[in-house]
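Both backbone and side-chain heavy atoms feed into the values below; hydrogens, waters and symmetry mates do not. All figures in this text were calculated on a predicted structure; none of them were measured in a lab.
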Amino acid sequence: MTKELTGAAAWNAVLARRDGLRGFSLRAAFAADPARAQHMRLQAAGLTLDYSKNLVDGDTMAALLALARERDVAASVRSQFAGETMNPTERRAALHTALRGSDAGAVLPEAAEVAAVRARIASIASRLREGAWTGWSGRAVRDVVNIGIGGSHLGPAFVTGALGHLCGASPRCHFVSNVDPRDLEDTLAALEPRSTLFVVASKSFSTLETLQNALAARRWLSAAGCPQEQVARHFLAVSSNVAAAVAFGIAADNVLPMWDWVGGRYSLWSAIGLPIAIATGAEAFDELLAGARAMDRHFLDAPAAQNLPLVLALLDAWYRNALGCASLAVIPYDQGLARLPEYLQQLVMESNGKSVGVDGVPLRRASAGVVWGTAGTNGQHSFHQMLHQGTDIVPVDFVLPLASHSANAAQHAHLVANCIAQSQALMLGRTLAEALAELAARGVTGQEAERLAPHLVMPGNRPSNTIVMERVTPHTLGALIALYEHRTVAAGYLWGLNSFDQFGVELGKRLGETVHAALVDAAPAARDVDPSTAWLIAMYRTLHRSVHG
Ligand code: F6P
């Protein structure tokens, strides 16, 4: 039975802190406590979190930590790592941590298979990287196209982009996810079929987008002259449904298994991460896992007040439930990390975008809001205006590698400076008096200054975290991703929901099949659909009748 958040004594204490914090000013808090930045700084696995620019004081943090105790988050975390059924709707454990060798690896029945798959990933990666994997004409594979979507796409695509500095000239990895045929066609336009290998990544091996794209890829090879009996040389698959992959026509030896205790959005540590090993090498992949393992250790062992994922999860609950914030902006100041927000959208919103608790009882408090963002400094020239002066408060995560893999350190310093300055500007804002003084310094005074000044005022007191690392390496990246995974799951435990299922995506998929039949059937049976849906279907059919006769 879930402990409902509302009504918990600790939760009431958190709400009381909200009332106690009315009028709280970050400027004043820093002035009153010069050591604030120092004691609101945490470290783990090569990452440092500065959470001093949050709208919390010591009493707020104490109330939030009491909430974590009352919810017994630590016990849930231990159960999770020990392989208990944390996903009761699907009757599954959530053991992605075991894939990186953390604790539960010891209790895992498939431990030997996990190790064997790791060895196969390494061997496939080195064969490809050495040019020893050849296609039907005997030419070495130079391009690998990962076909997958959601968790079978976002993790590997994000990580290979982030570790671009480790990717050699060959093989190059490409990622195709969308059922829009343009996605595959645009990717294949620049590729040579004889030297292209496809990785069909699908945990279920039943996902429409992936199967459609895999079929199209097979047709592309055949049209280019690949003999039928040689097609298998050009396909690998990763799936927990090995039988379906084989039935699809992928050679059994070319299918890498995964297990139902790895959720799709937590799966980049499994063979779903194969493109990462291919692009960056098996050693880098091992380091990625080692970084995540270091964060696992921290999450399990660190006391609550020093526990990075837990503190971040508590702040998430604070902003969402106590202050009513509807979204979190994630802004990495590193071009390689540009896809972090997109990756986190699935991780956070598919995990915690729920309306009922683990026990099926409706939640009485809001769960996950929207996660969004883009790489800095690009966002500064688009949405930061709203962050600084909009009517909503949007908490921000700044992710800041201090050094770049570019040789142009002088230019990179501008990037770092902008990140630091943004968190400062959000916090400080600009008062009316400061706005008038700035205008005066520019020679604007009198009525003109009074007309302009209100537009220059920035409320400030806008919260942010800054997550700092020396530079993006496989180790720090593994730690960063594991940090967000644990934060997400810890927030799920606070809210009392199941962070590991995703039934909300199913209805749309099923209706999509019915609508597809209505679009393409020669004589669709009369269906009992609403007038809007019927009209949209009719529009498609009318256009295609007139185009195709
Ligand atoms: O869109 C829902 C979803 O089931 C995700 O949870 C999953 O990561 C994605 O589809 C892809 O699923 P699969 O790996 O089974 O193709």
Side-chain angles (χ1 to χ4, degrees), residues 14 17-34 36-37 40-42 48-61 64 311-333 340-341 344 348 366 368-400 415-435 438 453-468 487 491:
V14 169
R17 281 315 304 149
R18 174 186 59 188
D19 300 334
L21 265 193
R22 277 190 217 293
F24 173 84
S25 148
L26 278 167
R27 280 190 191 218
F30 276 104
D33 177 8
R36 180 179 168 91
M40 296 181 81
R41 188 182 303 146
L42 299 174
T48 303
L49 166 68
D50 174 357
Y51 70 101
S52 62
K53 293 194 186 94
N54 276 290
L55 302 177
V56 289
D57 60 11
D59 291 342
T60 317
M61 288 313 296
L64 288 167
V311 165
L312 287 170
L314 290 168
L315 290 169
D316 288 339
W318 171 248
Y319 288 117
R320 186 76 180 118
N321 301 119
L323 301 191
C325 299
S327 77
L328 169 74
V330 178
I331 311 180
Y333 274 69
L340 176 64
L344 293 179
V348 176
V370 176
V371 176
W372 59 286
T374 194
T377 58
N378 292 351
Q380 291 176 212
H381 301 273
S382 59
F383 57 77
H384 280 229
Q385 163 64 38
M386 181 265 197
L387 297 182
H388 288 291
Q389 285 189 314
T391 49
D392 286 17
I393 292 182
V394 180
V396 179
D397 273 8
F398 291 105
V399 180
L400 177 61
L415 181 69
V416 177
N418 271 277
C419 180
I420 297 169
Q422 285 299 312
S423 74
Q424 192 187 21
L426 284 168
M427 175 189 69
L428 290 177
R430 183 164 45 202
T431 63
L432 185 62
E434 287 167 343
E438 278 183 38
H455 300 277
L456 271 60
V457 169
M458 296 163 68
N461 221 25
R462 305 243 152 154
S464 66
N465 293 304
T466 305
I467 300 170
V468 186
R487 167 188 187 168

Side-chain donor-acceptor contact under 3.5 Å, Q422 with H388:
yes
Distance-only donor-acceptor check, side chains N465 and N54, under 3.5 Å:
yes
Could you report the tightest heavy-atom contact between [X] and [Y], atom names first, then the distance?
X: W318; Y: V14; value: CZ3-O, 3.6 Å
X: M61; Y: V311; value: CE-CG1, 4.1 Å
X: T377; Y: N418; value: CG2-CB, 3.7 Å
X: R36; Y: D57; value: NH1-CA, 4.4 Å

Can any side-chain N or O of [X] pair as donor or acceptor with the backbone N or O of [Y] at less than 3.5 Å?
X: Q389; Y: P459; result: no
X: Y319; Y: L55; result: yes
X: N321; Y: A366; result: yes
X: Q424; Y: G429; result: no
X: E438; Y: A435; result: no
X: R430; Y: V457; result: no
X: R462; Y: M427; result: no

Which value, rounded to the nearest 0.5 Å, describes the distance between [X] atom [atom1] and [Y] atom [atom2]?
X: L312; Y: Y51; atom1: CG; atom2: OH; value: 9.5 Å
X: L426; Y: K53; atom1: CG; atom2: NZ; value: 9.0 Å
X: L323; Y: L21; atom1: CG; atom2: CG; value: 8.0 Å
X: I331; Y: T374; atom1: CD1; atom2: OG1; value: 8.5 Å
X: L64; Y: L315; atom1: CG; atom2: CG; value: 6.5 Å

F383: what forms a ring-ring contact (aromatic ring centres under 6.0 Å, His included) with it, not counting sequence neighbours?
W372
[Y] side chain reached by [X] side chain, heavy atoms, under 4.5 Å:
X: P463; Y: V396; result: no
X: P341; Y: P332; result: yes
X: Y333; Y: V399; result: no
X: L344; Y: L328; result: no

Please test D397 against R487 for salt bridge (charged side-chain N to carboxylate O under 4.0 Å, His left out), starting from the C-alpha separation and ending with a verdict.
CA-CA 13 Å; D397 273 8; R487 167 188 187 168; 2.7 Å; yes
So L49 and M40, side chain to side chain contact (heavy atoms under 4.5 Å, CB included) or not? Walk me through it.
CA-CA 8 Å; L49 166 68; M40 296 181 81; over 6 Å; no
Taking side-chain hydrogen bond (donor to acceptor under 3.5 Å, both in side chains) as the definition, give me every residue that meets it alongside S464, ordered by chain and number, with sequence neighbours left out.
none
Kindly determine whether D392 and L387 satisfy side chain to side chain contact (heavy atoms under 4.5 Å, CB included), including the steps that lead there.
CA-CA 8 Å; D392 286 17; L387 297 182; over 6 Å; no
I'd like to know whether V394 forms a side chain to side chain contact (heavy atoms under 4.5 Å, CB included) with M386, so could you lay out the CA-CA distance, the side-chain angles of the two residues, the decisive distance to 0.1 Å, and finally the verdict.
CA-CA 9 Å; V394 180; M386 181 265 197; 4.1 Å; yes
List the steps, then state whether side chain to side chain contact (heavy atoms under 4.5 Å, CB included) holds for F398 with D50.
CA-CA 10 Å; F398 291 105; D50 174 357; over 6 Å; no
Residues at least two apart in sequence or cross-chain that pass side chain to side chain contact (heavy atoms under 4.5 Å, CB included) with A37, listed by chain then number, are F30, R41, S52
